[in-house]
**Student:** 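Here it is, the structure, as structure tokens.
By convention in this document, chain letters (A, B, ...) are assigned in the order of the sequence lines, proteins followed by strands, and residues within each chain are numbered from 1. Nothing here was measured: the structure is a model prediction, and the numbers come from that model.
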Amino acid sequence: MMWIQNILTIIVVAGALWFLYTKFIRKSKNNKNCGNDGCGC
Amino acid sequence: MSDIRVALIGNPNTGKTSLFNRLTGLNQKVGNYPGITVDKKTGISKIDQNTSAEIIDLPGTYSLNASSMDEDVAVKVLSDKNNDNYPDLVVVVVDIENLKRNLFIFTQIKDLGLPTILAINMADQMTLKGIDIDIPKLESLLETKIALVSSKQNKGLSYLKKLIASYKTVSTKPCFIEQETVLSKFAKDEKKKHHLETVRRYQFLKKTLEKTYTQDPQNAKDIRTFLDRILIHRIYGYLIFFGILFMVFQALFSWSEIPMDFIDSTFATLSELTRTHLPQGIFTNLLAEGIIPGIGGVVIFIPQIAFLFLFTSFLEESGYMSRVVFLMDRIMKRFGLSGKSIVPLISGTACAIPAIMAARNIESWKERLITILVTPFTTCSARLPVYAIIISLIIPAEATFLSFNVQGLVLMALYLLGFFTAIIAAAILDKVLKIASKSYFVVEMPNYKLPLFKNVAYNVIEKTKAFVFEAGKIILAISILLWVLASYGPGNEMQNATEHIQNNHPNYSDEKQQTEIASYKLEHSYIGVMGKFIEPVIKPLGYDWKIGVAVITSFAAREVFIGTLATIYSVGNEQESTIKERMRNEVFSDTKKPVYSFATGVSILLFYAFAMQCMSTIAIVKRETNGWKWPLIQMFVMSGLAYITALIAYQTLS
């Protein structure tokens, strides 16, 4: 059962890292509706 | 896919948004951080059995002269056929009591050759105010179709929908264009021509309304005049405003105490249940020590945020907020700000990001820049969680001053501190910045009305949702990472923690040994190493390394501060306790004195009152000022001020 817990933890932590990366580091692509659809730019 | 695209436009406070809500119900889409419009809302309205219309709520604007961002947006949407939002029909919303001023923009839109209809709102006031309108005559003079509506009483909407459905038959003839040739003769230069055109448009409207609009002045002497005399009075006006603020903050603390305590204890129990009922392992620890306290750190502030927006929405909807804007303009002018600056400053109590964007309708660049630079001083909702928990730790709930709750008084004082700091900073910037500019202030005084429950509810739900889902996601993600950083560390120190404590403190009881082991592990985790690294800088402020870590992580967003501490104090702590209890029991490892003493508490409150702890605000200032110069100056000045005031406060009080 330990391996399931390890995999779940890795998935959750990777998800959190990816979310923070997209939110604060990665530049969002400019599209003409940017700013109106919560695209994060 | 909708069949008709309808643009809803009108002056501010004409009930445009209420009409939009009535037409679209819950089928709305709201832009988070507007790029094209200051605040763009779209929604779908069922017009009849077979037709649906996409309604675009354009920003409230007085004219199409494109002198502010709001107007610029409206011009772009209405004049450019290739614009994605170019409408099939324009509905101009006007207030029955301010027809002359409200119709100005109508005549400009008609000039664009778009099918345009007129929705005269607040028609329910007609009888009460003794107003009579000759609708057929007005329709013929303005070359349009008119619907008398009352968004408050949900009247006239079916007729309006009927007009929308038959938009192809609506006249596209202008009602004023013939004046153009006359104007060209008189004025050569563009500015004079513009001025003359405004005068002629108003002359046209005056003549039109003289033929179609009558009002019995006897009935017009209503409660509005009486209330205005008191609410915008030079002395009573301010007293009443501060009285209302005072009551709001008192209620904010006392009403939200019970739901907050309930949420706090529920999440503590949930953590404990997870730990005891799920199989032991790393993921269970992540759930019990990272995810659940992380979510709890967001959910706990829902009651206070919801109450704050309930009060502000109620004041806005009732028409009182416009009186506050007018009242504050007298103060604002003395500090180099525009009367329009009060809108960003007041909306800054929700969030600095939309507030800074709201500064776009300030025409003067100098006033706009000053407003952008000082708005982050106003107390945003992200500071509320920090203030709420620190105040409840350093001031007893039962403490009263002149029979008023001291916690509420301190919270109000912090809001006032933010506001007055913004004003003083504006005055300094006004002297320092050498930018020549000029601006005018116009504010619409809407009628007083009983707030529509639906509008207040929409506002409260929307703003609370934004906090939970926008800030909440960041807090949760950071909580998860913090758990990793607090659960693992460099070298073998963490693995040898049990051995180390048992060898050094063999006489400690089992419980004490467990606490010492948890503390030792945390101190040697990655987060502990980071905290220890910055400890020399923050120690003079009265903070230990754990608070230091929270200060670093909350640079992403202020509300992360409490979530961080909740996670740090949860790691390795197997007792069921609330965030508040854990913070209250926290002691300095060397002196064993409580960390959250009065002096440290005040130091934290002042630090968060002044520090620019918000990455999104920095990003938005960069975008609005078109460069890194101003956001960087703003960040260094605000952080410096925060550090110095926190330092002075702690050193004086400790």
**Student:** Under a 4.5 Å heavy-atom cut-off, does chain A meet the side chain of Thr284(B), its backbone, both or neither?
**Tutor:**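 Both the backbone and the side chain of Thr284(B) come within 4.5 Å of chain A.
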
**Student:** Are any of the side-chain heavy atoms of Phe19(A) and Ile480(B) separated by less than 4.5 Å?
**Tutor:**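 SC-SC contact between Phe19(A) and Ile480(B) ruled out.
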
**Student:** Find the distance between OG1 (Thr9(A)) and CG (Leu286(B)) and round it off to the nearest 0.5 Å.
**Tutor:**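 Answer for the OG1-CG pair, Thr9(A) versus Leu286(B), is 5.5 Å.
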
**Student:** Is the number of heavy atoms from other residues, nucleotides or ligands within 6.0 Å of NZ (Lys16(B)) greater than 12?
**Tutor:**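 Correct, the count exceeds 12.
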
**Student:** Where is the tightest heavy-atom contact between Gln5(A) and Gln280(B), given as atom of each residue plus distance?
**Tutor:**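 Here Gln5(A) and Gln280(B) meet closest at NE2-O, 3.8 Å.
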
**Student:** State the CD1-CD1 distance between Ile282(B) and Ile4(A), to the nearest 0.5 angstrom.
**Tutor:**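 Answer for the CD1-CD1 pair, Ile282(B) versus Ile4(A), is 14.0 Å.
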
**Student:** With only heavy atoms counted, which part of Ile291(B) is less than 4.5 Å from chain A, the side chain, the backbone, both or neither?
**Tutor:**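 Just its side chain gets close to chain A.
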
**Student:** So which atom in Ala477(B) and which in Ala16(A) form the shortest heavy-atom distance, rounded to 0.1 Å?
**Tutor:**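 Where Ala477(B) meets Ala16(A) most closely, the heavy atoms are O-CB, 3.8 Å.
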
**Student:** How long is the straight-line distance from CG of Leu476(B) back to CG of Leu20(A), given to the nearest 0.5 Å?
**Tutor:**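 It comes to 9.5 Å.
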
**Student:** Start with the C-alpha gap between Phe283(B) and Val12(A), add the side-chain angles, then the distance that decides, and say whether side chain to side chain contact (heavy atoms under 4.5 Å, CB included) holds.
**Tutor:** CA-CA 9 Å; Phe283(B) 188 66; Val12(A) 171; 3.7 Å; yes

